[in-house]
Amino acid sequence: MGLDRAERVGEGRRPSVRALVAGSVGNFIEWYEFGAYGYFATVIAERFFTPAGGGTVEGLVKTYASFALAFFFRPVGAALFGRLGDRIGRRPVLILVISLMTVTTALIGALPTYATVGVLAPWLLTLLRVLQGLSAGGEFGGAVAVMTEFAPPGRRGLYGAWQSFTVALGLLGGAGVAAVLASLLSEAQLSAWGWRLPFLLALPMGLGALWLRLRLDETPTFREESAESLPARDVAWAVALGAGRVMGWAAAGYAFLVVLPSYLQTALHATFREALTATVLANLGFAVTIIPAGLLSDRIGRRPVMLTGAGLVVVLAVPLLNVLQNDGTSTPLKGLAVLLAGAVVGLMAGPGPALLAEMFPTRVRCTGLGLAYALSNAVFSGCAGLIITEAVKRTGNVDVPAYYAAAACAVSMLALFKNTAFNATAGKAGWTDAGDRPDVGDVVRRH
């Protein structure tokens with residue numbers, strides 16, 4: 001087909017905009033929903049996890065436990081759908097996962113609450129969260145494989161960054177919808193039925209994404225690559241190393257971009273609108289730096305850019321949080337603090353997808369990068385709200401989110417200095433990209 005001829009590997013031609021959009025649109029919907037769930041965590045806790053007489057913090061902890069459970073099913077989805085993507089192709093798997101994500105998200109908006117069906121309500125919500133976790137686990141590996149495999153030589157960082165950029169757009173979309181609803185509806189209306197609208201909106205968005213993916217061709221890289229026999233030990237090591245490299249991105253991203261609204265409300269007693277405003281600013285900062293960071297990583301390397309972002313989190317996390325905690329700090333300065341917090345996470349998120357893609361050869365790429373990302377997110381993103389909320393509750397220390405993000409980024413810095421296992425088997429597996437210099441990521445080259 002014409003599209004395939006125009007995008008042959010190594011020819012360096014501009015990949016199809018359709019492929020780029022189709023590969024990233026699912027990430028938008030996925031993170032729109034996860035953002036909406038995080039932004040409405042206090043409302044969901046009230047409607048599903050807090051029966052009469054239950055405490056607010058208790059309900060919030062249970063809400064985040066459900067949130068975390070979905071993340072722990074991401075590695076299962078990454079292994080299941082990733083294996084399918086490496087065997088039968090990226091396209092059919094991307095169609096399957098977007099269908100599952102759309103249906104489960106829309107169903108959350110139609111669920112009966114605790115007041116209607118009692119103890120069945122939280123179980124139904126948790127079941128849908130599990131199905132979302134499975135679909136989200138398969139989404140990342142397939143989407144990043146599509147974007148990086150269609151990218152011309154020397155541009156994988158830029159094209160992979162669009163995955164992270166659509167994450168930012170999804171979080172902003174969820175925050176934007178929540179902010180509009182908070183402005184148009186009373187608190188009683190928002191609690192009674194308004195919280196359902198963001199989830200129901202996923203249905204038309206998902207149908208649009210499905211249409212795009214049905215028109216997507218398989219990547220030339222996958223069609224042309226023969227099946228490879230790879231040592232399972234090398235694959236496992238690369239997955240573990242990849243998870244370590246992005247754990248700072250996962251932890252800081254959720255601490256600053258998703259958990260922030262409920263933290264500001266419960267720990268610092270901010271209003272719902274104030275918390276949402278802060279989150280929108282953080283996500284704007286996140287979005288602004290992603291594409292430039294991905295582009296810069298094509299010039300100087302993935303790891304230098306990601307190390308800079310992780311190092312800045314280690315140094316700035318506590319001071320930035322203290323700015324928010326100080327009642328005497330002006331509103332513009334607080335806004336600048338959350339904007340900067342999001343921006344440093346973007347430095348890790350921009351090069352991250354390409355770095356993971358370059359760690360794995362074609363026939364294990366969906367599985368490998370999907371598992372690395374899913375495992376990291378399961379532990380350090382999915383548990384962020386639960387760990388932070390419970391730790392603040394038990395210790396009374398409101399600096400916990402900063403310590404959490406800084407500690408994870410410190411470990412990521414160590415992992416970023418370590419080389420991938422596939423360098424030792426470069427003669428058997430990998431892909432060639434003459435446009436990348438040796439210091440860019442861990443590109444595996446064919447002899």
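Please read these numbers as outputs of a predicted model, since none were measured by experiment. Nothing fancy with the numbering, it's 1 onward along the sequence.
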Measure from the ring center of Phe165 to the ring center of Trp162 and say whether it is less than 6.0 Å. yes
Look up atom OH in Tyr159 and atom CG in Leu20, then write down how far apart they are to the nearest 0.5 Å. 6.5 Å
Taking the six-membered ring where the residue is Trp, are the ring centres of Trp31 and Tyr254 under 6.0 Å apart? yes
For the side chain of Arg365 and the backbone of Asp86, is there at least one donor-acceptor N/O pair under 3.5 Å apart? no
Indicate yes or no for a side-chain donor-acceptor contact from Ser297 to the backbone of Gly294 under 3.5 Å, with no hydrogens or angles considered. yes
Please name the residue in the list Thr104, Thr105, Leu107 that meets the side chain to side chain contact (heavy atoms under 4.5 Å, CB included) test with Leu131. Thr104
With sequence neighbours excluded, tell me which residues meet side-chain hydrogen bond (donor to acceptor under 3.5 Å, both in side chains) with Glu30. Arg74
Are the side chain of Asp298 and the backbone of Leu158 linked by a donor-acceptor contact shorter than 3.5 Å? yes
So, are Glu149 and Arg156 salt-bridged, with charged N and O less than 4.0 Å apart? no
Would you call Arg213-Glu139 a salt bridge at under 4.0 Å N-O? yes
Could you go step by step and tell me if Val177 and Leu197 meet the side-chain contact (heavy atoms from CB on, under 4.5 Å) rule? CA-CA 9 Å; Val177 170; Leu197 299 180; 5.8 Å; no
For the residue pair Lys418 and Trp237, establish whether any side-chain heavy-atom pair is separated by less than 4.5 Å. yes
